[in-house]
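First the structure, in the form of structure tokens, and then the observations on it.
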Amino acid sequence: MFSAIKETARSSYSFESLRSDLFAGLTIGVIALPLSMALAIATGVAPQHGLYTAIVAGIVIALSGGSRVNISGPTAAFVVILMPITQIYGIGGLLISGLMAGFILVGMGMARLGTLIQIVPYPVTIGFTAGIGVVLATLQIKDFLGLSIGLMGGHYIENIEALVNALPTLRLEEMFIGVLTFLTLLLWTRLKTRIPAHLVALFAGSIAALLANLIIRDFNVATIGSRFHYNLGSITGSGIPPFLPQFVWPWELQGGSGSPIGISFHLVKKLLPSSFAIAILGALESLLCATVADGMAGTKHDPNDELVGQGIGNIVTPFFGGIPATAAIARTAANIRAGASSPVASVVHAIFILIGILILTPVLAYIPMASMAALLIMVAWNMSEAKHFVHIVKVAPRSDVAILITCFSLTVLFDMEIAVAVGMGLAGALFISRTIELTDAKLIERHEHPHIQSLPKNIVLYDINGPLFFGAAQKALSGLTTLRPEITVVILDMSDVTMIDMTAMAAMETIIENLRKKGILLIICSLAPRMILKLRRAGVRKKAGEIEFVRTLESGIKLATAPRQ
């Protein structure tokens, strides 16, 4: 736990490193401030909740996690999961879900599951991210075009129908600002300057909206200030409240009905599937981000500590009004390119956002909603991994393509809870299937091995390779049940067997019993001592005339050809 900050303390951290981290933190703060607002809005909550997430999670996860350069906060990957929770259970239910997901993440890290999460097949990950990108972009069309439409976030087909039906309400003013912002994003990105493209695009959209409002009569567009309002005691206002994050009990916030949601076993049971989906997707996203960061920065993260850190961050953040958080790949990559080498950069980025809340809230209120939608459409495109998606479809084996299409379709057409459950199930099934393919039991012919060329025909040698576990064990050992009538000795070369589970031990017991009834001697060669001990505990022991254990194949052949008593 806390391995990232411990590793930084043990390293030769210099004043130059501190200066680089300060610069990187300020750079990422500039990038993360508008993105955090946009992602909160996409989730269905007020923009300040995204800022609170970036502040609290950015500090807590950086200091308690296992990656030195990850930047955590609200991410686009979560939008598809979080929006339905917000619509049904309100902000209170959303924060409780994040809190529960935090405990699940800590449990995953303590159970050392970080390494297992990292081996999720690439088609599963791309299927998720591409599907999320499509859904996220679709949800932004409403604000991009200024459509008059009710709440979105249900099934994808229903959302498309609602958008099509609402097209007559399109507002040219909103579309003009959205298109202008999007084109600015595209053009500025190609220039590859140090100034982030989304800042320039949001500035251009905001200035254009202000000037058009002054020049053109009746020109108006929805902005953060006109869309969102706050009420803190006797203080009311528009846009984002210019206050520090306040401690709050999540269950005292509004539920779907508008009254405090409270806490109960029934509510926890209802939110549990969503919390697991948040935890699993957060684990995938954060560990993928940490792996990418290692490749860019030359660092090495601790996957289990990173899961614990993500869990602690998601436990703490809801008590300050923050939504679920995970590591953000784009922000982390920008952090590394800016020169970051320690968690200090993430802490600085969080402090910058905190100062931004106190100083910049009057300015942020002028950002058009259409500009925020354009920014999120670009984020959705970048996370969709369209090139990788097409590449997999073109060159990958059919099984991988089928998994990719399945995960993508479930994410788009149904919801992330189903997609995550099926995707992880497919990942496990694919892993087992590929592992089974590596395990086999081959009958060695006389001409294939120099040591058995002179063996009598009543002796056969099988070479068993790979791990013997459920599925693989049945496949590998099935050949031993169909032996020729003249066979009196079976030799098993098990030098390449890496593990044996209970299924394999049960199969061995069955085979030994069948061979015993036929009067056939079984000689097991070169099996690792720890696996011999496992067999002994299961009742498979050396017994003269029935089963023998020898250290080498040569000893097994010598025993097989010796006269039997």
Side-chain angles (χ1 to χ4, degrees), residues 29-54 73-80 82-83 86 132-133 135-149 151-153 163 170-186 188-189 196-210 212-213 220-230 238-241 323 328 330-331 353 356-357 360-383:
V30 171
I31 294 173
L33 193 150
L35 272 177
S36 299
M37 293 191 299
L39 292 166
I41 293 169
T43 301
V45 298
Q48 63 264 26
H49 293 288
L51 298 175
Y52 300 159
T53 306
T75 66
F78 276 159
V79 170
V80 180
L82 304 186
M83 176 177 274
T86 306
I132 291 169
V135 175
L136 177 59
T138 303
L139 293 173
Q140 305 317 307
I141 294 175
K142 171 181 176 288
D143 285 333
F144 188 84
L145 301 179
L147 302 179
S148 297
I149 189 174
L151 288 175
M152 297 181 64
L163 289 171
L170 180 148
R171 299 186 71 246
L172 293 177
E173 301 98 318
E174 304 278 0
M175 186 175 71
F176 167 72
I177 297 299
V179 171
L180 173 66
T181 305
F182 191 77
L183 292 177
T184 306
L185 276 168
L186 290 177
W188 199 265
T189 300
H198 69 273
L199 285 183
V200 177
L202 291 179
F203 179 77
S206 302
I207 293 298
L210 286 171
N213 187 47
N220 65 86
V221 295
T223 64
I224 288 178
S226 66
R227 178 71 61 85
F228 299 99
H229 304 83
Y230 61 87
S238 300
I240 300 169
I323 62 178
R331 273 163 271 172
I353 295 174
I357 290 179
L360 299 177
T361 49
V363 177
L364 298 175
Y366 288 102
I367 298 178
M369 296 301 298
S371 294
M372 301 298 270
L375 172 61
L376 287 173
I377 289 173
M378 179 61 75
V379 170
W381 169 256
N382 290 334
M383 76 173 299

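Basis for what follows: all heavy atoms, side chains included, without hydrogens, waters or symmetry-related copies.
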Legend entry - Interatomic distance, I177 atom CD1 to I367 atom CD1 [nearest 0.5 angstrom]: 12.5 Å
Legend entry - Side chain proximity check, I224 to M372, heavy atoms < 4.5 angstrom: yes
Legend entry - Contact summary for L185 and A374, nearest pair of heavy atoms: CD1-O, 3.8 Å
Legend entry - Closest non-hydrogen atom pair, L51 against L33: CD2-O, 3.4 Å
Inset, instruction - Would you check if the side chain of H229 reaches a backbone N or O of G239 as a donor-acceptor pair within less than 3.5 Å? - result: no
Inset, instruction - Report yes if the side chains of S226 and S238 come closer than 4.5 Å at any heavy-atom pair, otherwise no. - result: no
Inset, instruction - Indicate the atoms forming the closest heavy-atom contact of A40 with I323, along with that distance. - result: CA-CD1, 4.3 Å
Legend entry - Heavy-atom pair of closest approach, residues L163 and K142: CD2-N, 4.1 Å
Legend entry - Closest non-hydrogen atom pair between L35 and R331, with its separation: CD1-NE, 4.2 Å
Legend entry - Least distance between heavy atoms, V221 atom then A209 atom: CG2-CB, 3.9 Å
Inset, instruction - State the OG1-CZ distance between T53 and F78, to the nearest 0.5 angstrom. - result: 10.5 Å
Inset, instruction - Evaluate the side-chain contact (heavy atoms from CB on, under 4.5 Å) criterion for residues M369 and F228: first the C-alpha distance (whole Å), next the side-chain angles of each, then the deciding distance (0.1 Å), finally the verdict. - result: CA-CA 11 Å; M369 296 301 298; F228 299 99; 4.1 Å; yes
Legend entry - Gap separating the CG atom of L375 from the CZ atom of F182, nearest 0.5 angstrom: 10.5 Å
Inset, instruction - Apply side-chain contact (heavy atoms from CB on, under 4.5 Å) to L145 and E174, showing your working. - result: CA-CA 6 Å; L145 301 179; E174 304 278 0; over 6 Å; no
Legend entry - NE2 on H49 to CG on L39, rounded to 0.5 Å: 14.5 Å
Legend entry - Side chain to side chain, T43 and P74, heavy atoms closer than 4.5 Å: no
Legend entry - Separation between CD1 of I41 and CD of Q48, rounded to the nearest 0.5 Å: 9.5 Å
Inset, instruction - Apply side-chain contact (heavy atoms from CB on, under 4.5 Å) to R227 and T223, showing your working. - result: CA-CA 6 Å; R227 178 71 61 85; T223 64; over 6 Å; no
Inset, instruction - Can you measure from CD1 (I377) to CD1 (I141) and round to the nearest 0.5 angstrom? - result: 6.5 Å
Inset, instruction - Please report the C-alpha distance between I240 and M37 in whole Å, then the side-chain angles of each, then the deciding distance to 0.1 Å, and finally whether the side-chain contact (heavy atoms from CB on, under 4.5 Å) criterion is met. - result: CA-CA 10 Å; I240 300 169; M37 293 191 299; 3.1 Å; yes
Inset, instruction - Evaluate the side-chain proximity of V79 to I132: yes if any heavy-atom separation is below 4.5 Å, no if none is. - result: no
Legend entry - side-chain hydrogen bond (donor to acceptor under 3.5 Å, both in side chains) pairs, two or more places apart, involving residues 361-375: T181-S371
